[in-house]
2 protein chains.
Amino acid sequence: MPKETRKQEIIRVAAKLFKNKGYSAVTMRDLAKAMDIKAASLYNHISSKQAILQDIIIAIAEDFTTGMQQIMDSDTNSIGRLEQVIGLHVKIATENTDGLAALNSDWMHLENKLEYYLKLRNAYESNYLKIIQKGIAQNEIKFVKPDVLMFSMLSTLRSLYLWLPKKEIVNQQELTESLSQILIKGINK
Amino acid sequence: MPKETRKQEIIRVAAKLFKNKGYSAVTMRDLAKAMDIKAASLYNHISSKQAILQDIIIAIAEDFTTGMQQIMDSDTNSIGRLEQVIGLHVKIATENTDGLAALNSDWMHLENKLEYYLKLRNAYESNYLKIIQKGIAQNEIKFVKPDVLMFSMLSTLRSLYLWLPKKEIVNQQELTESLSQILIKGINK
DNA sequence: TAAATAAACTAACAACTGTTAGTTTATTGT
DNA sequence: ACAATAAACTAACAGTTGTTAGTTTATTTA
């Protein structure tokens, strides 16, 4: 396995601090202390505080984009696609809880990359809505207002990062099934 | 109707700014500019930046506490109680969208009042869980892991403040029914 | 072993932070 | 008309912010 670079280590520690206090409340001196070095030394590895936030958030946003694309390309019905979407969120939330916290709470501080981030997010939500609408049209999903349904499901999935740390061990498979039960079975025909 | 005091006006404008950028990223000079006065003038009305955040969040947290207490005292079954909880969230989110954003995103910066806030939140979640558990025990609610169910419902309800501003007009009654349909009908026996 | 690189250090900067002190101006109640 | 109050102002503070410059130290490569 490729060893973690010093830069990656800094970004990982930064994500953890951002999760607890938010991007704006974490200073470069806070981050340096957590790394046990001086603030100035951070700049041997990263170019700015902004760049750390961008690295964290954009990588995750692109993971979601790729994952959604694969789901749209897959040969499944709407219910199957929704189950895959739940699995995608569980996977990313499990593997990068801290980064996801930054994405959810601090995306508005992206500056340069804000426009790009919003483009990815809008495309994601647009695909999500398509899955729901097709499911209703093809009589796989009960009729409910599609935007309310998407909002409700996405709220739960986007909040996973808040909830996962409270569980000792997380079985991805099991959690995905529990969430499918709750989020889908109720709307299933 | 009692006219809004200058202090209330400052707190209302602050909540709006906090919603957009987060508590830590909003400076007293930002707030002053939004009020069209100088930063120092704010201190004729409020005692500190911290106090503004506390005023915003604690008031809402106490609204939830009071509302939940009334629901627990009401003469209804578990499904009825869950419907009332949904109504409570819709009501508060509709009436104080900006404040709710601060509560959800910036409660960790409460300092003095942090302990008190967490006490109220824990009590709220404890009651929520009791409703679900009783509902399962009395065969009104399908068996699902109670903590996963609470997490899922609360995620949606706590995210309402993000979603409400996107709708032009919000009919509280109608939204409460749509959400009940999605959040409850699926778990209803 | 010499050279190159990675990664830390000290010192300092200009800008910005929340807040206080003291003062002036406008409005309200008697 | 006068006194009291509400609400703004200017000026300044001490501390913190992200970041740069220049240097030293340790490790790796040729």
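Note that this is a predicted model, so its numbers are computed, not measured. Just so it is clear: chains get the letters A, B, ... in the order the sequence lines come, proteins before strands, and each one is counted from 1.
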- Item | A:K38 vs C:dC9: side-chain N/O to OP1/OP2 distance below 4.0 Å | no
- So B:F151 and A:W163, would you call those rings parallel, tilted or perpendicular, with 30° and 60° as cut-offs? parallel
- Note on the structure: dist B:H109:NE2 -> B:S24:OG (nearest 0.5 Å) comes out at 3.5 Å
- Message: Counting distance alone, no hydrogens or angles: does the base of C:dA6 have a donor or acceptor under 3.5 Å from a partner atom on the side chain of A:N44?
- Response: no
- Item | B:L31 CG - C:dT17 P separation (whole Å) | 13 Å
- Message: Output the rounded distance in Å from CD1 (B:I46) to P (C:dT19).
- Response: 7 Å
- Nucleotide nearest A:K49 (side chain, heavy atoms from C-beta), chosen from C:dA21, D:dG18, C:dT17: D:dG18
- Item | Interatomic distance, A:I10 CD1 vs D:dT19 P [rounded to whole Å] | 13 Å
- Message: Between C1' on D:dA7 and CD on B:E9, what's the gap in Å once rounded to a whole number?
- Response: 12 Å
- Message: Pairing donors with acceptors under 3.5 angstrom, does anything connect the side chains of B:Y116 and B:E62?
- Response: yes
- For A:L88 and A:M68, the nearest pair of non-hydrogen atoms, with its separation, is CD2-N, 3.9 Å
- Query: Which one, C:dT20, D:dG18, C:dT19, comes nearest to the side chain of B:S48?
  - Reply: C:dT19
- Query: Whole Å only: how far is the CE atom of A:M28 from the P atom of C:dT17?
  - Reply: 18 Å
- Considering only C:dA11, C:dT20, C:dA8, which nucleotide approaches the side chain of A:I37 most closely? C:dA8
- Query: So, is A:R29 near the phosphate of D:dT19, with a side-chain N or O under 4.0 Å from OP1 or OP2?
  - Reply: no
- Message: How many whole angstroms separate atom CG of B:L42 from atom P of C:dT17?
- Response: 14 Å
- Apply the test side chain to side chain donor-acceptor pair (under 3.5 Å) to residues B:E177 and B:Q173: give CA-CA distance (whole Å), side-chain angles for both, the deciding distance (0.1 Å), then the verdict. CA-CA 6 Å; B:E177 281 165 15; B:Q173 179 74 20; 2.9 Å; yes
- Note on the structure: Regarding the side chain of A:T27, the nearest nucleotide among C:dT19, D:dT17, C:dA8 is D:dT17
- Query: Whole Å only: how far is the CD atom of A:Q50 from the P atom of D:dT19?
  - Reply: 8 Å
- Nearest-Å distance for atom pair NZ/P, residues A:K21 and D:dT16: 12 Å
- Between A:R6 and B:Y23, which is nearer to the 5' end of DNA chain C once each is assigned its nearest nucleotide? A:R6
- Task: Scan A:S41 against the nucleic acid and name what it touches under 4.0 Å (heavy atoms): base, sugar-phosphate only, or nothing.
- Result: base
- Is the distance from OP1 or OP2 of D:dA7 to the nearest side-chain N or O of B:H45 less than 4.0 Å? yes
